[in-house]
There are 4 protein chains.
Amino acid sequence: MFVELDLQSDVPIYTQLVDQIVEGIANGGLKPGDPLPSVRSLAADLDINLHTVNKAYQQLKQEGFLQIHRKQGVIVQPGEMPGVTAEFETRMTRQLKALAAESAVRGLNAEQFSAYAERIYRQVSTTDNGRNQP
Amino acid sequence: MFVELDLQSDVPIYTQLVDQIVEGIANGGLKPGDPLPSVRSLAADLDINLHTVNKAYQQLKQEGFLQIHRKQGVIVQPGEMPGVTAEFETRMTRQLKALAAESAVRGLNAEQFSAYAERIYRQVSTTDNGRNQP
Amino acid sequence: MFVELDLQSDVPIYTQLVDQIVEGIANGGLKPGDPLPSVRSLAADLDINLHTVNKAYQQLKQEGFLQIHRKQGVIVQPGEMPGVTAEFETRMTRQLKALAAESAVRGLNAEQFSAYAERIYRQVSTTDNGRNQP
Amino acid sequence: MFVELDLQSDVPIYTQLVDQIVEGIANGGLKPGDPLPSVRSLAADLDINLHTVNKAYQQLKQEGFLQIHRKQGVIVQPGEMPGVTAEFETRMTRQLKALAAESAVRGLNAEQFSAYAERIYRQVSTTDNGRNQP
DNA sequence: GTGGTCTAGACCACG
DNA sequence: GTGGTCTAGACCACT
């Protein structure tokens, strides 16, 4: 598994898991329809609690990135991924606002900030999922 | 006071307070050397506990954005603000990574993402603090 | 628990706690990776408030001497301890300066002062942490 | 006046004042019998509160470093300075213990620690008051 | 059961 | 009147 957890981070483990699965989808490591490990096996692999993995999966299902079937197990949402929802936009705006403000105070200008954001994006999403072309 | 809190949010109150004060500095509403309300008066204003305000102030002091004096109370760091530290870069990278990945999955491309970031920056930092020019 | 507090002292309880935990690390009573009591149990043991214990733990975490995990609780920083930082040097210099000056006025000469310092050091750091050898 | 205060330090102003006067005595800038500014004039000079200066003077008088006369004003203790009292030894031991422990944890060995202490001593007490000879 | 957060109310040191 | 410290008690997120 490609997941790396930092158990001593202040970021909850299930959140780290969510983030890394989303990253996996973004960089093409996980493609629509791909299977994910079962809750039990992933928990065993990562040596964390079942509930923690389950919570991450449930959140990803709730947001439409995963499907959870009783028999087949867990798979990456086949077909269309959810687009930019109002909820996501609110969340992203709130977080970017805080980052942008702190960046500004620390001396980064608008260009530097957006260039930084773009660089991170390109690191995270090296491969293309086929619909993010200009 | 210009602070608006969302007591229902899952973002801790003291974090919201920290963010909004940083925003205040970024947009010029708070200038270096400006006084901030005492913990007691701000707590009363916002109808929250003084310890919550204190926690926010302490964090901002710790990061070098505020100074806390015995008698004069709390003021915005006069002179130079702290620059881009390693901790800040780590934190910003981690958060941007998650946002960028989710944005990519939801269909935003690199240009859209960085343009969004830049737009937020310009909203937050309308006035200029004098050193963020190209 | 090896902690002894003087509730009458003008030294804050959380500071005494911080000092004694650092001492514990210095004399080998606490080794890297060792667990510390939970805030609640230590507070109960010492008959003080859990917030006071928490404040001490947070400060030690902040300085890099402890790690605070979600579930496992609190452990002594495994691996490398933080070295001599600029802040520490500033703090130590300030305190030693005051002590040295008063010692001089009270009739101790340089050799006596440094011998006293060395004696205290050897009392405090009886065992060896493996890297303080000449 | 040779006093320099850091108003944004967490060290109380009166303590800084006490320390600097003791330093003045240690380095010979202030000799036994020398007059000190009146409470009023020193407070005016340093732009601090009368009470603050008074508190520092009272503490120094209490410890036997100053004499305060109604008419003549304040003078450095003429004749013999107080020696090493039990109270001072307790205080010095407590502070050195904490410093030594933290130094040990941060990787300084006994020699480095005592050498550091000696170096500070010699900075502070360049001139000799005539009785600190070996 | 752990730490994280918040509240309420109190006393003290500082200036 | 200010922040610093401490207590008591509560709810919540995480595991």
Side-chain angles (χ1 to χ4, degrees), chain A residues 5 7-17 43 46-56, chain B residues 5 7 9-17 35-44 46-59 61 66-75, chain C residues 5 7 9-17 35-44 46-59 61 66-75, chain D residues 5 7-17 43 46-56:
Chain A
L5 299 177
L7 297 181
Q8 58 220 43
S9 163
D10 56 346
V11 180
I13 295 177
Y14 81 90
T15 301
Q16 294 182 47
L17 201 45
L46 300 174
D47 197 28
I48 58 178
N49 196 292
L50 285 179
H51 302 336
T52 308
V53 177
N54 193 51
K55 186 162 184 175
Chain B
L5 300 177
L7 300 183
S9 167
D10 57 345
V11 180
I13 296 177
Y14 78 88
T15 301
Q16 295 182 45
L17 200 43
L36 270 76
S38 75
V39 285
R40 284 176 167 75
S41 67
L42 183 52
L46 300 175
D47 199 28
I48 58 177
N49 193 278
L50 94 178
H51 290 124
T52 307
V53 176
N54 192 49
K55 187 164 183 174
Y57 278 3
Q58 290 297 333
Q59 182 172 324
K61 168 194 172 192
L66 295 186
Q67 281 184 359
I68 301 180
H69 291 63
R70 315 193 160 282
K71 182 60 172 270
Q72 302 137 277
V74 181
I75 62 169
Chain C
L5 299 177
L7 300 182
S9 167
D10 57 344
V11 180
I13 295 177
Y14 77 90
T15 301
Q16 295 181 44
L17 201 43
L36 270 75
S38 74
V39 286
R40 283 176 166 75
S41 68
L42 183 52
L46 300 174
D47 199 28
I48 58 178
N49 193 278
L50 94 180
H51 290 122
T52 306
V53 176
N54 191 50
K55 188 163 184 174
Y57 277 3
Q58 290 298 331
Q59 182 172 324
K61 168 193 170 192
L66 295 186
Q67 282 185 359
I68 301 180
H69 292 65
R70 315 193 160 285
K71 182 62 172 271
Q72 304 136 275
V74 182
I75 62 169
Chain D
L5 299 177
L7 297 181
Q8 58 220 42
S9 163
D10 56 346
V11 180
I13 296 177
Y14 81 89
T15 301
Q16 295 183 45
L17 200 44
L46 299 175
D47 197 27
I48 58 178
N49 196 294
L50 284 179
H51 301 337
T52 307
V53 176
N54 193 51
K55 187 162 185 174

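Lettering of chains follows the sequences in order, A, B, ..., and the numbering in each one begins at 1.
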Would you say F:dG3 has OP1 or OP2 under 4.0 Å from some side-chain N or O of B:Asn54? no
Is any side-chain N or O of C:Gln58 closer than 4.0 Å to OP1 or OP2 of E:dG3? no
Would you name the heavy atoms of [X] and [Y] that are closest together and state the gap between them?
X	Y	value
D:Thr52	D:Tyr14	O-CB, 3.6 Å
C:Leu42	C:Pro37	CB-CB, 3.9 Å
D:Val11	D:Gln16	O-NE2, 2.9 Å
B:Ile75	B:Pro35	CG2-CA, 4.0 Å
B:Leu17	B:Leu5	N-CD2, 4.3 Å

With no hydrogens and no angle check, is any side-chain donor or acceptor of D:Gln8 less than 3.5 Å from a backbone partner on B:Ile68? no
Just by modelled atom types, is the C:Val74 backbone N or O under 3.5 Å from a matching donor or acceptor in the C:Gln67 side chain? no
Using atom [atom1] of [X] as one end and atom [atom2] of [N] as the other, report the distance to the nearest whole Å.
X	N	atom1	atom2	result
B:His69	F:dG4	NE2	P	12 Å
A:Asp10	E:dT2	CG	C1'	16 Å
C:Leu7	F:dC6	CG	P	10 Å
C:Asp47	F:dT7	CG	P	9 Å
B:Ile68	F:dG3	CD1	C1'	8 Å
D:Leu46	E:dG15	CG	C1'	14 Å
B:Leu36	F:dT2	CG	P	13 Å
B:Lys61	F:dT2	NZ	P	18 Å

For C:Gln58 and C:Lys61, run side-chain contact (heavy atoms from CB on, under 4.5 Å): C-alpha distance rounded to whole Å, both residues' side-chain angles, the deciding distance at 0.1 Å, then the answer. CA-CA 5 Å; C:Gln58 290 298 331; C:Lys61 168 193 170 192; 3.8 Å; yes
Kindly give the atom pairs (protein nitrogen or oxygen, nucleotide nitrogen or oxygen) under 3.5 Å for nucleotides 13-15 of chain F.
residue, atom, partner, partner atom, Å
F:dC14, OP1, A:Tyr14, OH, 3.1
F:dC14, OP2, A:Tyr14, OH, 3.3
F:dC14, OP2, A:Lys55, NZ, 2.9
F:dT15, OP1, A:Ile13, N, 3.0
F:dT15, OP1, C:Arg70, NE, 3.4
F:dT15, O2, C:Lys71, NZ, 2.9

Polar pair under 3.5 Å, donor/acceptor by atom type, side chain C:Arg40, base E:dG1: no
For DNA chain F, whose closest nucleotide is more 5', that of C:Leu50 or that of B:Val39? B:Val39
Reading DNA chain F 5' to 3', how would its secondary structure be written in dot-bracket notation, given Watson-Crick and G-U pairs with both distances under 3.5 Å, brackets [ ] for crossing pairs and | for partners on other strands? ||||||||||||||.
Just how far is it from atom CG of C:Asn54 to atom CG of C:Asn49, taken to the nearest 0.5 Å? 9.5 Å
